[in-house]
Enquirer: 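Before we start, here is the structure in question, set down as structure tokens.
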Amino acid sequence: MVVAVILLLVAIGSVLFHIYSPWWWTPIATNWSYIDHTINITFWITGVVFFAVIAFMAYCVFRFHHKEGRQAHYNPENKKLEWWLSIGTAIGVAAMLAPGLFVWHQFVTVPADATEVEVMGQQWQWSFRLPGKDGRMGTTDVRNISPENPMGLNRDDPHGQDDVVIESGELHLPVGKPVKVLLRSVDVLHDFYVPEFRAKMDMVPGMVTYFWMTPIRTGTFDVLCAELCGAAHAQMRSKVIVEEDAEYHAWLEQQKTFAELSGRTAVTKATYRPGGK
């Protein structure tokens with residue numbers, strides 16, 4: 001009886017802790033409430049199964065505990081029980097997979113009017129690139145990456161000259177407008193993760209991955225790396241500031257373009273003399 005009661009208390013306590021826990025998701029800041037709903041469905045299905053299994057164990061411990069003179073009955077097969085378990089398991093798995101497939105389809109279907117923003121991860125900092133006034137981002141090549149060209153832009157591509165490049169700074173986004181986030185990595189696996197955005201994707205060297213979102217509220221949000229990437233992984237942080245359209249464009253006007261940064265670098269190199277000032 002004591003063991004059965006302990007098992008039931010563990011099951012009930014686990015469910016109550018999950019429902020009333022103070023540690024929960026941060027308030028959502030994008031359109032991806034679908035992800036929260038899908039996770040909640042998974043929690044409820046697995047929670048019911050967890051409670052049912054523990055309750056059955058408690059029942060078996062109490063009902064079939066050892067008694068003098070009691071003999072066990074050998075029952076190797078039970079077709080009816082096997083059918084019920086198979087059907088119940090199939091329904092439970094389908095109920096968890098179906099919402100995920102629906103959300104995944106939305107996740108990879110980027111709206112036609114989404115603005116592209118590029119995020120570059122490297123040990124241990126974030127760099128960002130936004131399209132300039134022409135609305136298009138220039139092409140890149142990893143062979144062009146250098147301290148003076150951290151995003152590896154092609155200098156001969158006219159579409160890249162007005163691109164806004166932000167190295168080790170903050171990313172600003174307008175509220176209410178869809179954004180396609182292009183993800184690149186220079187060195188190892190990284191993962192651009194803002195908890196309030198819910199959406200995230202691994203950044204793989206040699207590949208361009210992506211996700212999209214629509215920010216739905218203004219604020220300042222912490223950027224974390226959600227993929228262990230080396231000794232300073234915990235310090236690989238930045239900020240994303242979501243603001244009204246007027247504030248966003250005012251900030252954008254103050255940023256340097258790739259052409260301006262390249263020109264400044266060229267002037268610095270031309271005027272530098274060893275041993276001089």
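In this text, all values refer to a predicted model and were calculated from it rather than measured experimentally. Start at 1 with the first residue, then count along the sequence.
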Enquirer: Rounded to the nearest 0.5 Å, what's the gap from CD on Gln254 to NE2 on His249? Could you check?
Expert: 13.0 Å
Enquirer: Can you find a heavy atom in the side chain of Thr30 that is under 4.5 Å from one in the side chain of Glu196?
Expert: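 Not in contact.
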Enquirer: Where do Gly121 and Asp187 come nearest, in terms of heavy atoms and distance?
Expert: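 For Gly121 versus Asp187, the nearest heavy atoms are O-OD1, 4.3 Å.
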Enquirer: Which residues pass the side-chain hydrogen bond (donor to acceptor under 3.5 Å, both in side chains) test with Arg237, sequence neighbours left out?
Expert: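 Partners of Arg237 by the side-chain hydrogen bond (donor to acceptor under 3.5 Å, both in side chains) criterion come out as none, since no residue qualifies.
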Enquirer: Do Tyr34 and Val179 share a hydrophobic cluster, counting only Ile, Leu, Val, Met, Phe, Trp and Tyr and linking them when any side-chain heavy atoms are less than 4.5 Å apart?
Expert: yes
Enquirer: Check step by step if side-chain contact (heavy atoms from CB on, under 4.5 Å) holds for Ile39 and Arg198.
Expert: CA-CA 11 Å; Ile39 295 175; Arg198 300 299 191 265; over 6 Å; no
Enquirer: Hey, what do you get for CE (Met151) to CG (Asn144), rounding to the nearest 0.5 Å?
Expert: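 CG of Asn144 is found 12.5 Å from CE of Met151.
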Enquirer: Quick check on Asp156: does its CG atom have over 12 non-hydrogen neighbours (other residues, nucleotides or ligands) under 6.0 Å away?
Expert: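 No, CG of Asp156 has 12 or fewer neighbouring heavy atoms, counting only those of other groups under 6.0 Å.
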Enquirer: Which heavy atom in Ile54 sits nearest to a heavy atom in Ala11, and how many Å separate them?
Expert: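 Looking at all heavy atoms of both residues, the shortest contact is CG2-CB, 3.6 Å.
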Enquirer: Ile241: which other cluster members, linking ILVMFWY side chains closer than 4.5 Å, directly or transitively?
Expert: none
Enquirer: Within this structure, what is the CG-OH distance for the pair Asp202 and Tyr193, rounded to the nearest 0.5 Å?
Expert: 13.0 Å
Enquirer: Kindly compute the distance separating CG (Leu182) from OG1 (Thr209), expressed to the nearest 0.5 Å.
Expert: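 Taking CG in Leu182 and OG1 in Thr209, the distance rounds to 8.5 Å.
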Enquirer: Any side-chain heavy atom of Asp157 sitting closer than 4.5 Å to one from Arg155?
Expert: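 They are not in contact (no side-chain heavy atoms under 4.5 Å apart), so the answer is no.
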Enquirer: Measure across Met201 and Asp191 and return the closest heavy-atom pair with its distance rounded to 0.1 Å.
Expert: O-OD1, 3.4 Å
Enquirer: Would you call Leu130 and Gln255 a side-chain contact if the rule is heavy atoms closer than 4.5 Å?
Expert: no
Enquirer: Tell me the closest heavy-atom pair linking Pro150 and Val165, and the distance in Å.
Expert: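 Here Pro150 and Val165 meet closest at CG-CG1, 4.4 Å.
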Enquirer: Determine whether a donor-acceptor pair (N or O, by modelled atom type, separation under 3.5 Å) exists between the side chain of Ser127 and the backbone of Met120.
Expert: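 Between the backbone of Met120 and the side chain of Ser127 there is no qualifying donor-acceptor contact (under 3.5 Å).
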Enquirer: Would you give the length of the straight line joining atom CZ of Phe51 to atom CG of Leu8, rounded to the nearest 0.5 angstrom?
Expert: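 Answer for the CZ-CG pair, Phe51 versus Leu8, is 6.5 Å.
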Enquirer: Applying the side-chain contact (heavy atoms from CB on, under 4.5 Å) criterion to Met236, which one of Glu227, His190, Gln122, Gln125 satisfies it?
Expert: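 Among the candidates, only His190 passes.
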Enquirer: Is it the case that one hydrophobic cluster holds both Phe43 and Val15, taking links as side-chain heavy atoms less than 4.5 Å apart, direct or via other members?
Expert: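 In one cluster with Phe43: Val15, no.
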Enquirer: Using side-chain heavy atoms (C-beta onward) and a distance below 4.5 Å, is Val242 in contact with Phe197?
Expert: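 With C-beta onward as the side chain, the pair touches.
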Enquirer: Clusters formed by hydrophobic residues whose side-chain heavy atoms approach within less than 4.5 Å: which one holds Trp83, and what are its other members?
Expert: Ile87, Ile91
Enquirer: If the condition is side-chain hydrogen bond (donor to acceptor under 3.5 Å, both in side chains), which residues does Asp141 pass it with, not counting sequence neighbours?
Expert: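 Residues passing side-chain hydrogen bond (donor to acceptor under 3.5 Å, both in side chains) with Asp141: Arg143.
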Enquirer: Testing the basics here: between Ala226 and Lys200, what is the closest heavy-atom pair and its distance to 0.1 Å?
Expert: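 In this case the closest contact between Ala226 and Lys200 is CB-NZ, 4.3 Å.
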Enquirer: Under the ring pair (Phe, Tyr, Trp, His ring centres under 6.0 Å) test, which residues partner Trp32, sequence neighbours left out?
Expert: Phe107, Trp212
Enquirer: For Trp251, give me all partners under side-chain hydrogen bond (donor to acceptor under 3.5 Å, both in side chains), at least two apart in sequence or on another chain.
Expert: His172
Enquirer: Quick one: which residue pairs count as a ring pair (Phe, Tyr, Trp, His ring centres under 6.0 Å) with a foot in residues 122-165, not counting sequence neighbours?
Expert: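 Sorted pair list: Trp126-Phe192.
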Enquirer: Can you list everything that forms a side-chain hydrogen bond (donor to acceptor under 3.5 Å, both in side chains) with Ser146? Sequence neighbours excluded, please.
Expert: Glu148
Enquirer: CG of Asn154 to CZ of Phe258: how many Å apart, nearest 0.5 Å?
Expert: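 Spacing of CG (Asn154) from CZ (Phe258) equals 8.5 Å.
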Enquirer: Could I get the full list of side chain to side chain contact (heavy atoms under 4.5 Å, CB included) partners for Val10, not counting sequence neighbours?
Expert: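 For Val10 the side chain to side chain contact (heavy atoms under 4.5 Å, CB included) partners, ignoring immediate neighbours, are Ile6, Ser14.
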Enquirer: If we only count heavy atoms from C-beta on, is the Val5 to Phe62 side-chain gap below 4.5 Å?
Expert: no
Enquirer: Got Arg136 and Pro131 here, is their nearest side-chain heavy-atom distance under 4.5 Å?
Expert: no
Enquirer: Report the C-alpha distance between Asp163 and Glu118 in whole Å, list the side-chain angles of each, state the deciding distance to 0.1 Å, and finish with yes or no for side-chain contact (heavy atoms from CB on, under 4.5 Å).
Expert: CA-CA 11 Å; Asp163 287 359; Glu118 186 176 71; over 6 Å; no
Enquirer: Can you give the donor-acceptor pairs under 3.5 Å from side chains of residues 17-27 to other protein atoms, not counting sequence neighbours?
Expert:
residue	atom	partner	partner atom	Å
Ser21	OG	Trp23	N	3.1
Ser21	OG	Trp23	O	3.4

Enquirer: Test side-chain contact (heavy atoms from CB on, under 4.5 Å) on Arg184 and Thr140 and set out the steps.
Expert: CA-CA 11 Å; Arg184 297 167 58 204; Thr140 61; 3.6 Å; yes
Enquirer: Given side-chain contact (heavy atoms from CB on, under 4.5 Å), test Thr46 with Met96 step by step and report yes or no.
Expert: CA-CA 9 Å; Thr46 55; Met96 290 188 291; 3.8 Å; yes
Enquirer: Is there a salt bridge (charged side-chain N to carboxylate O under 4.0 Å, His left out) between Asp162 and Lys133 once you walk through the steps?
Expert: CA-CA 7 Å; Asp162 64 346; Lys133 293 182 179 180; over 6 Å; no
Enquirer: So, does Arg129 use its side chain to make a donor-acceptor pair with the main chain of Gly138 at under 3.5 Å?
Expert: yes
Enquirer: Are Leu228 and Val188 co-members of a hydrophobic cluster defined by side-chain heavy atoms under 4.5 Å apart?
Expert: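 No, separate clusters.
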Enquirer: For residues 208-223, pull every pair meeting salt bridge (charged side-chain N to carboxylate O under 4.0 Å, His left out), keeping only residues two or more places apart or in separate chains.
Expert: Asp222-Lys239
Enquirer: For residues Tyr210 and Val208: do they belong to one hydrophobic cluster (side chain heavy atoms under 4.5 Å, members Ile, Leu, Val, Met, Phe, Trp, Tyr)?
Expert: yes
Enquirer: If you look at every heavy atom in Ala95 and Ile41, which pair is closest and at what distance?
Expert: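 Minimum heavy-atom contact is O-CG2, 3.9 Å.
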Enquirer: Is there a chain of hydrophobic side chains (I, L, V, M, F, W, Y, each step under 4.5 Å between heavy atoms) that links Val223 to Val175?
Expert: yes
Enquirer: Which pairs count as ring pair (Phe, Tyr, Trp, His ring centres under 6.0 Å) when at least one residue sits in residues 139-158, sequence neighbours excluded?
Expert: none
